[in-house]
Visitor: 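This is the structure I have questions about; it appears just below.
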Amino acid sequence: MASSANSSVIRRARPPSWAEWLGQYLANGIAELGARVVRAVTELGSFSMFCLRTCRWLVFRLPKWETMMPNFYQIGVMSLPVIALTGTFIGMVMAVQSYTQFRMLNLETRLGAVINMALVRELGPVLAATMLAGRVGSAMAAQLGTMRITEQMDALAVMGTNPIHYLVVPRFWACLVLIPMLTLMADFMGILGGAFYSIYLLGIDFHHYVENSRDFVGLFDLFAGVLKSCFFGAAIALIACHRGFHCQAGAEGVGRAATTAFVASFVTILLLDLILGIILEAINVALWPQAPKLL
């Protein structure tokens, strides 16, 4: 009798077979995948509702000028040195990296056209927005996240002030208006940096450099870069403010909100750059169907 009881205990304690282990592994994987999908859909819905509430306040009621001025100063004026340095070094680096290849083809006088077109259409808006996502977006997410966990937003709601109207709308307007201007500053400094390095250090003729830059870079290229920067600024503001509004408690939650805001903004910038690039190129071809210029 005792031996049969021991044998039953041994049979119950046997390790699971490979089929049972595989089934359990697949079940856990499917459950985890389903949970991630649910979290992603919930996050998307929350972000969409946040954007709709922000747009409603943008249409029906603008914030006071006294509320917007500090945000304009922090986002615009305080970002000028970083943007100017970034644009200058972008132009110089492009001159360094492109000169050898162009010299092999005896096209070094066309270097200005390539540098300026790449700066105005792609590198200027994207890199300026990336720098601002790291400086402005992370700061906004951390600031709003701190206000969330210290219940300052709840205090605003108790006093009858809508937190989105008071905190989000001024930051959105500042990013939407000033990031295109900062992009123009990055383009200007990049053009100056590339021209200085190409003319004074690489010895390219000044007349040909300027003539080729003027012939190959048009107003539509400048318009495309500024239009992209408007979308980039709106995306940075909305993503950073949304992460700050939904910050988790504690210092770790604030840090995670700032990091997530920058990563999500950077990925969104690249995605918007791809979509807008395709659309603007199609518009350019439709409006001006001439043959492409030859370098």
Visitor: May I have the step-by-step check of side-chain contact (heavy atoms from CB on, under 4.5 Å) for Met189 and Ile83, ending in yes or no?
Guide: CA-CA 9 Å; Met189 295 303 297; Ile83 293 300; over 6 Å; no
Visitor: From Ile179 CD1 over to Ile236 CD1, what is the distance, rounded to the nearest 0.5 angstrom?
Guide: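 Reported to 0.5 Å precision, the distance equals 4.0 Å.
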Visitor: Kindly check if the number of other-residue, nucleotide or ligand heavy atoms within 6.0 Å of CE (Met94) is above 12?
Guide: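 Buried by this count: over 12 neighbours within 6.0 Å.
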Visitor: Compare every heavy atom of Ala240 with every heavy atom of Ala261, then report the nearest pair and how far apart it is.
Guide: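 That closest heavy-atom pairing would be CB-CA, 4.0 Å.
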Visitor: Is the count of non-hydrogen atoms from other residues, nucleotides or ligands lying under 6.0 Å from Leu219 atom CG greater than 12?
Guide: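 No, the 6.0 Å shell around CG holds no more than 12 heavy atoms from other groups.
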Visitor: Apply side-chain contact (heavy atoms from CB on, under 4.5 Å) to the pair Leu132 and Ser79, showing each step before the final yes or no.
Guide: CA-CA 8 Å; Leu132 291 171; Ser79 300; 3.5 Å; yes
Visitor: Does any non-hydrogen side-chain atom of Pro125 lie less than 4.5 Å from one of Phe232?
Guide: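 The answer is yes, as the side chains (C-beta and beyond) meet within the 4.5 Å cut-off.
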Visitor: Looking at OG1 of Thr259 and CZ of Arg243, how far apart are the two atoms once the value is rounded to the nearest 0.5 Å?
Guide: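 Rounded to the nearest 0.5 Å, the OG1-CZ separation comes out at 10.5 Å.
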Visitor: Does Asp221 use its side chain to pair, donor to acceptor, with the backbone of Gly218 at less than 3.5 Å?
Guide: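 Yes, the answer is positive, given that a donor and an acceptor are paired below the 3.5 Å cut-off.
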Visitor: Cys241 versus Leu167: any side-chain heavy-atom pair under 4.5 Å?
Guide: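 They are not in contact (no side-chain heavy atoms under 4.5 Å apart), so the answer is no.
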Visitor: Any side-chain heavy atom of Ser198 sitting closer than 4.5 Å to one from Ile115?
Guide: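 In short, these two side chains touch, coming nearer than 4.5 Å.
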Visitor: Taking Met159 as the starting point, is it possible to reach Val169 by hopping between hydrophobic residues whose side chains are less than 4.5 Å apart?
Guide: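 Same cluster.
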Visitor: Pair Arg110, Glu211 - check salt bridge (charged side-chain N to carboxylate O under 4.0 Å, His left out), show working.
Guide: CA-CA 9 Å; Arg110 308 296 178 95; Glu211 285 294 322; over 6 Å; no
Visitor: Are there over 12 heavy-atom neighbours, none belonging to Met68, within less than 6.0 Å of that residue's CE?
Guide: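 Yes, because the 6.0 Å sphere around CE of Met68 holds more than 12 heavy atoms from other groups.
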Visitor: Does a side chain donor of either Arg171 or Gln74 reach within less than 3.5 Å of an acceptor in the other side chain?
Guide: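 Short answer, no.
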Visitor: Decide yes or no for Thr42 and Phe47: does some side-chain heavy atom of the first lie under 4.5 Å from some side-chain heavy atom of the second?
Guide: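 Side chain of Thr42 against side chain of Phe47, heavy atoms only: no contact under 4.5 Å found.
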Visitor: Using the six-membered ring wherever Trp is involved, compare the ring planes of Phe220 and Phe223 and label them parallel, tilted or perpendicular (cut-offs 30° and 60°).
Guide: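 Geometry flag for Phe223 against Phe220: tilted rings.
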Visitor: To the nearest 0.5 Å, how far apart are CG in Leu111 and CD1 in Ile204?
Guide: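 That separation rounds to 4.5 Å.
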Visitor: Check for me, please, whether Leu270 and Leu272 land in the same ILVMFWY cluster - side-chain distances under 4.5 Å, paths through other members count.
Guide: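 Yes, because Leu270 and Leu272 connect within a single hydrophobic cluster, where side-chain heavy atoms sit under 4.5 Å apart.
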Visitor: Could you go through Ile149 and Gln248, starting from their C-alpha distance and side-chain angles, then the distance that decides it, and tell me whether this counts as side-chain contact (heavy atoms from CB on, under 4.5 Å)?
Guide: CA-CA 7 Å; Ile149 64 176; Gln248 300 295 323; over 6 Å; no
Visitor: What do you reckon, is OH of Tyr166 surrounded by more than 12 foreign heavy atoms closer than 6.0 Å?
Guide: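 No, OH of Tyr166 has 12 or fewer neighbouring heavy atoms, counting only those of other groups under 6.0 Å.
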Visitor: Are Lys228 and Leu280 close enough that some pair of their side-chain heavy atoms sits under 4.5 Å apart?
Guide: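 Of all side-chain heavy-atom pairs linking Leu280 with Lys228, at least one is under 4.5 Å.
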Visitor: Which is it for Met117 and Glu122 under the side-chain contact (heavy atoms from CB on, under 4.5 Å) test, yes or no, and what are the steps along the way?
Guide: CA-CA 8 Å; Met117 184 175 291; Glu122 292 295 333; over 6 Å; no
Visitor: My understanding is that only one of Thr183, Val217, Leu184, Leu227 makes a side-chain contact (heavy atoms from CB on, under 4.5 Å) with Leu222; could you say which?
Guide: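 The option that passes is Leu184.
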Visitor: Any chance you could measure Arg214, atom CZ, to Asn116, atom CG, to the nearest 0.5 Å?
Guide: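 Answer rounded to 0.5 Å: 13.0 Å.
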Visitor: Do Cys175 and Ile75 make a side-chain contact, defined as non-hydrogen atoms from C-beta onward lying under 4.5 Å apart?
Guide: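 SC-SC contact between Cys175 and Ile75 confirmed.
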Visitor: In terms of hydrophobic clustering (I, L, V, M, F, W, Y; side-chain heavy atoms under 4.5 Å; direct or indirect links), are Ile269 and Leu271 co-clustered?
Guide: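 Result: yes, single cluster for both.
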Visitor: Can you tell me how far CZ of Phe245 sits from CZ of Arg53, rounded to the nearest 0.5 angstrom?
Guide: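 Taking CZ in Arg53 and CZ in Phe245, the distance rounds to 8.5 Å.
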Visitor: Please report the shortest heavy-atom distance between Ala264 and Thr268, naming the atom on each side.
Guide: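 Distance-wise, the nearest heavy atoms are O-OG1, 2.6 Å.
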Visitor: Can you confirm whether Phe231 is buried at CZ, in the sense that more than 12 heavy atoms of other residues, nucleotides or ligands lie under 6.0 Å from that atom?
Guide: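 Incorrect, the count does not exceed 12.
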Visitor: Distance alone, cut at 3.5 Å: any donor-acceptor contact between the side chains of His165 and Asn162?
Guide: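 Per modelled atom types, His165 and Asn162 side chains form no pair under 3.5 Å.
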Visitor: Over all heavy atoms of both residues, which pair between Ala133 and Ser265 is shortest? Give the atoms and the distance, please.
Guide: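 Scanning both residues, the minimum pair turns out to be CB-CB, 3.9 Å.
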Visitor: Where does the angle between the aromatic ring planes of Phe50 and His246 fall among parallel (under 30°), tilted (30 to 60°) and perpendicular (over 60°)?
Guide: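 Rings of Phe50 and His246: perpendicular, over 60°.
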Visitor: For Gly244 versus Arg148, what's the shortest heavy-atom pair and its separation?
Guide: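 So the two residues come closest at O-CB, 3.9 Å.
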Visitor: How far does SG of Cys51 sit from CG of Leu238, to the nearest 0.5 angstrom?
Guide: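 Answer rounded to 0.5 Å: 4.5 Å.
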Visitor: Can you confirm whether Leu182 sits close enough to Leu80 that some side-chain heavy atom of one is under 4.5 Å from a side-chain heavy atom of the other?
Guide: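 Yes, their side chains come closer than 4.5 Å.
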Visitor: Among the clusters formed by ILVMFWY side chains lying less than 4.5 Å apart, do Leu202 and Val210 turn up in the same one?
Guide: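 Shared cluster, yes.
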Visitor: Which heavy atom of Phe262 sits nearest to which heavy atom of Ser138, and what is that distance?
Guide: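 Closest pair (atom of Phe262, atom of Ser138, distance): CB-OG, 3.6 Å.
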Visitor: Which atom pair, heavy atoms only, marks the closest approach of Phe102 to Val114?
Guide: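 It is CZ-CG2, 3.3 Å.
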Visitor: Do Met185 and Val93 share a hydrophobic cluster, counting only Ile, Leu, Val, Met, Phe, Trp and Tyr and linking them when any side-chain heavy atoms are less than 4.5 Å apart?
Guide: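 No, because Met185 and Val93 fall into different hydrophobic clusters, even though each may have its own neighbours under 4.5 Å.
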